[in-house]
There are 2 protein chains.
Amino acid sequence: MGEISEFLNSHRPDGGRRSSKRDLIVNVFLRQEGHLSADDLVDLIHVENKEIGRATVYRALRWMVNGGIARKVDFGDGRFRYEHAYRHPKHFHLICQSCRKSSEFLSSDIESFIDEVSIERGFTVERTVVQIYGNCLACRDGNKNDTLELPTELVFARDALRIAIATERSGLQFYTRAALLTKDDRGRSVFRNLAKEEEEHLGTLEKRYAELVAEHPKLETYPTFLFFRGAADGIFAAGTEELEKGVDDREALLIGIRCERGSHEFFKKYGEKFEDSEGKQIFLEFADEEREHLELLQCEYQQLIDTLNKIDTT
Amino acid sequence: MGEISEFLNSHRPDGGRRSSKRDLIVNVFLRQEGHLSADDLVDLIHVENKEIGRATVYRALRWMVNGGIARKVDFGDGRFRYEHAYRHPKHFHLICQSCRKSSEFLSSDIESFIDEVSIERGFTVERTVVQIYGNCLACRDGNKNDTLELPTELVFARDALRIAIATERSGLQFYTRAALLTKDDRGRSVFRNLAKEEEEHLGTLEKRYAELVAEHPKLETYPTFLFFRGAADGIFAAGTEELEKGVDDREALLIGIRCERGSHEFFKKYGEKFEDSEGKQIFLEFADEEREHLELLQCEYQQLIDTLNKIDTT
DNA sequence: CTAGGTGCAAATAATTTGCAGAGGC
DNA sequence: GCCTCTGCAAATTATTTGCACCTAG
């Protein structure tokens with residue numbers, strides 16, 4: 001629970017005096033998963049202490065929203081819901097209109113299109129709402145209510161690992177192929193080294209993934225949380241395809257740079273979405289590695305250009 | 001105004017008796033552009049007739065929402081807004097938090113990602129909300145309130161034409177190139193004919209576009225309403241690139257089929273979004289043309305396969 | 001004539017606020 | 001001791017409803 005109080009300290013708005021009642025409200029709230037209405041929370045609080053008034057709960061909720069501990073969401077049925085932000089990144093919602101349950105997802109692609117639209121309109125984005133209303137699978141084929149819920153941070157970590165693994169695999173393939181196709185000795189050894197690194201890291205990631213699902217077997221079949229189309233066959237897949245068109249060493253380096261940059265940016269962005277947790281760590285470690293590769297390639301590219309210029313002038 | 005009453009007739013829910021008061025409410029409502037709160041509408045109604053009660057306006061709004069004449073939207077500030085559906089497809093919103101104005105957009109890509117997520121989760125979609133909250137350009141750099149608003153149907157028509165033109169251009173390029181690369185005489189004439197058709201149609205579309213912007217000069221610089229990344233260099237652009245990799249006649253046909261199908265589906269989908277209007281017509285005409293091309297190519301492909309089989313067995 | 005539309009006033013429902021008192025620092 | 005938190009009850013806000021009356025078909 002030390003981590004939670006650390007989280008609370010960093011998210012306390014204004015000098016905010018502490019009070020045992022508010023502490024109780026915040027604690028009960030953080031223990032819940034999912035989306036509570038103010039009234040749901042009042043009921044939960046009253047189980048532990050009947051002396052706490054509705055207004056206090058409302059005030060505590062407003063205080064939490066201001067400090068970023070809670071997020072206020074609106075499913076359009078006249079009351080607001082609240083979800084806590086502890087180890088829970090901003091996300092989008094699927095809302096079932098028959099059972100009123102909501103499930104969550106993230107889509108890197110939707111986010112990037114939203115950015116594109118906002119830029120075109122010169123709009124500064126503060127907050128984005130994506131809600132899909134309809135009917136869930138459970139409601140349609142006879143309410144099998146096996147709605148086991150895994151903590152989002154675990155599912156996020158799983159998706160992070162899957163995407164990282166796919167990226168490493170395609171990276172390995174890319175550098176292996178590039179090493180084969182490269183004419184220049186020095187370039188070949190750069191690509192070979194990178195291939196070796198990708199291979200090693202791939203092993204680490206696969207082990208980590210195996211451990212994760214061993215500990216939580218339900219994770220394997222749990223629905224996707226983080227959608228990212230580009231990850232299906234790995235970020236380097238398009239690059240490898242390009243290689244086959246017959247590019248020269250310089251172009252191969254550029255393709256590598258492009259892929260590493262894309263993957264670095266992706267993992268950095270999603271790493272930052274998460275209050276510290278397994279998922280965040282995986283993403284940020286990966287982002288770091290990709291940045292190192294990127295720098296290595298960029299340096300190599302610069303040297304190649306310099307060499308070519310020297311040849312040109314002699 | 002005949003078209004409006006036709007629209008009303010097709011959207012009248014339950015036997016719905018007609019009444020002069022409700023007629024007035026509906027008429028005033030349909031004359032507005034943008035998003036009104038119930039109270040805004042009450043005020044507007046009271047300008048023309050003070051004898052109409054708030055409850056009646058609320059009842060009329062509910063009646064319109066049931067019949068699909070109006071859509072109820074929720075910008076999260078505690079009151080609902082209403083927008084009419086006449087010549088106005090379902091869309092997404094950018095909502096400025098300082099001036100409370102909202103602007104609209106459509107993104108084919110976001111819609112397709114939403115479909116993807118829904119399918120993965122086995123979710124049947126009824127309604128989709130995408131809202132971007134933040135600050136608009138006008139609010140940020142000193143409120144130049146030159147907020148001229150063009151009717152959505154015009155902007156939609158413009159975007160339809162732009163996308164259609166880009167598609168025709170890339171189609172023309174594709175078929176021209178394919179005709180050059182084709183070895184088989186018969187195949188070459190098919191591609192050549194298609195190229196000719198694309199060229200003719202391109203001319204028609206460009207004329208139509210020129211007429212549209214001549215009539216409404218502000219259209220040229222009005223912000224994009226329909227975002228579609230694939231349209232930037234035309235739906236056939238990727239296909240043309242593939243051609244250059246050196247494909248055989250059969251593959252060229254398949255690429256053509258794929259492109260025509262994609263373009264047919266895109267234009268059909270967006271054509272259907274619109275209550276009859278200029279934009280709808282452009283989209284559906286275009287969808288039709290692409291379907292014809294598609295059928296032609298499919299037929300040609302079948303004959304090619306048959307011929308190959310015959311050669312194979314002799 | 002009668003189902004449905006209408007105005008008014010009262011009801012509802014979620015949330016906020018005023019105020020007097022309690023409690024942390 | 002001061003400032004903030006708290007409970008209670010009253011206020012607020014958007015919307016809906018009950019009911020007596022009116023109107024179109």
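Everything quoted here is computed from the prediction, not taken from an experiment. Lettering follows sequence order; numbering is per chain, from 1.
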Restricting to nitrogen or oxygen on both sides, can you table the protein-nucleotides 23-25 of chain D pairs closer than 3.5 Å?
from, atom 1, to, atom 2, distance (Å)
dA24(D), N3, Arg17(B), NH1, 3.3

>> Please verify the inter-ring angle class for His84(A) with Tyr86(A); under 30° counts as parallel, over 60° as perpendicular, anything in between as tilted.
In response: tilted
> With Phe123(A), which residues qualify under ring pair (Phe, Tyr, Trp, His ring centres under 6.0 Å), at least two apart?
Replying inline: none
> Among all residues two or more places apart in sequence or in another chain, which pass the side-chain hydrogen bond (donor to acceptor under 3.5 Å, both in side chains) test with Thr224(B)?
Replying inline: Glu120(A)
> Of all residues at least two apart in sequence or in a different chain, which pass the ring pair (Phe, Tyr, Trp, His ring centres under 6.0 Å) check with Tyr82(A)?
Replying inline: none
>> Among residues at least two apart in sequence or on other chains, which ones pass side-chain hydrogen bond (donor to acceptor under 3.5 Å, both in side chains) with Glu149(A)?
In response: none
>> I need the CG-P distance between Leu61(B) and dG5(C), as an integer number of Å.
In response: 15 Å
> So, are Glu272(A) and Lys268(A) salt-bridged, with charged N and O less than 4.0 Å apart?
Replying inline: yes
>> Listing request: all salt bridge (Lys or Arg N to Asp or Glu O under 4.0 Å) pairs with a residue in residues 67-77 of chain B, at least two apart in sequence or in separate chains.
In response: Arg71(B)-Glu83(B), Asp77(B)-Arg81(B), Asp77(B)-Arg100(B)
> Rounded to the nearest Å, what distance is computed from the CG atom of residue Asp74(B) to the P atom of nucleotide dA14(D)?
Replying inline: 13 Å
> Sequence neighbours excluded, which residues qualify as ring pair (Phe, Tyr, Trp, His ring centres under 6.0 Å) partners of Phe274(B)?
Replying inline: Phe156(B)
>> Using the ring pair (Phe, Tyr, Trp, His ring centres under 6.0 Å) criterion, which residues pair with Phe228(A)? Sequence neighbours excluded.
In response: Phe266(A)
> Just how far, in rounded Å, is P of dT16(D) from CH2 of Trp63(B)?
Replying inline: 17 Å
> Rounded to whole angstrom units, what separation is found between the NZ atom of Lys50(A) and the C1' atom of dC8(D)?
Replying inline: 17 Å
>> Output the rounded distance in Å from CD (Glu51(A)) to C1' (dG21(C)).
In response: 15 Å
> CG of Leu24(A) versus P of dC5(D): gap in Å, rounded?
Replying inline: 16 Å
> What is the distance, rounded to the nearest whole Å, between atom NZ of Lys21(A) and atom P of dC5(D)?
Replying inline: 14 Å
>> Output the rounded distance in Å from CD1 (Ile52(A)) to P (dC8(D)).
In response: 11 Å
>> How would you summarise protein contacts on nucleotides 10-17 of chain C per nucleotide, using B for base, S for sugar-phosphate only and - for none, with heavy-atom distances below 4.0 Å?
In response: ----SBBB
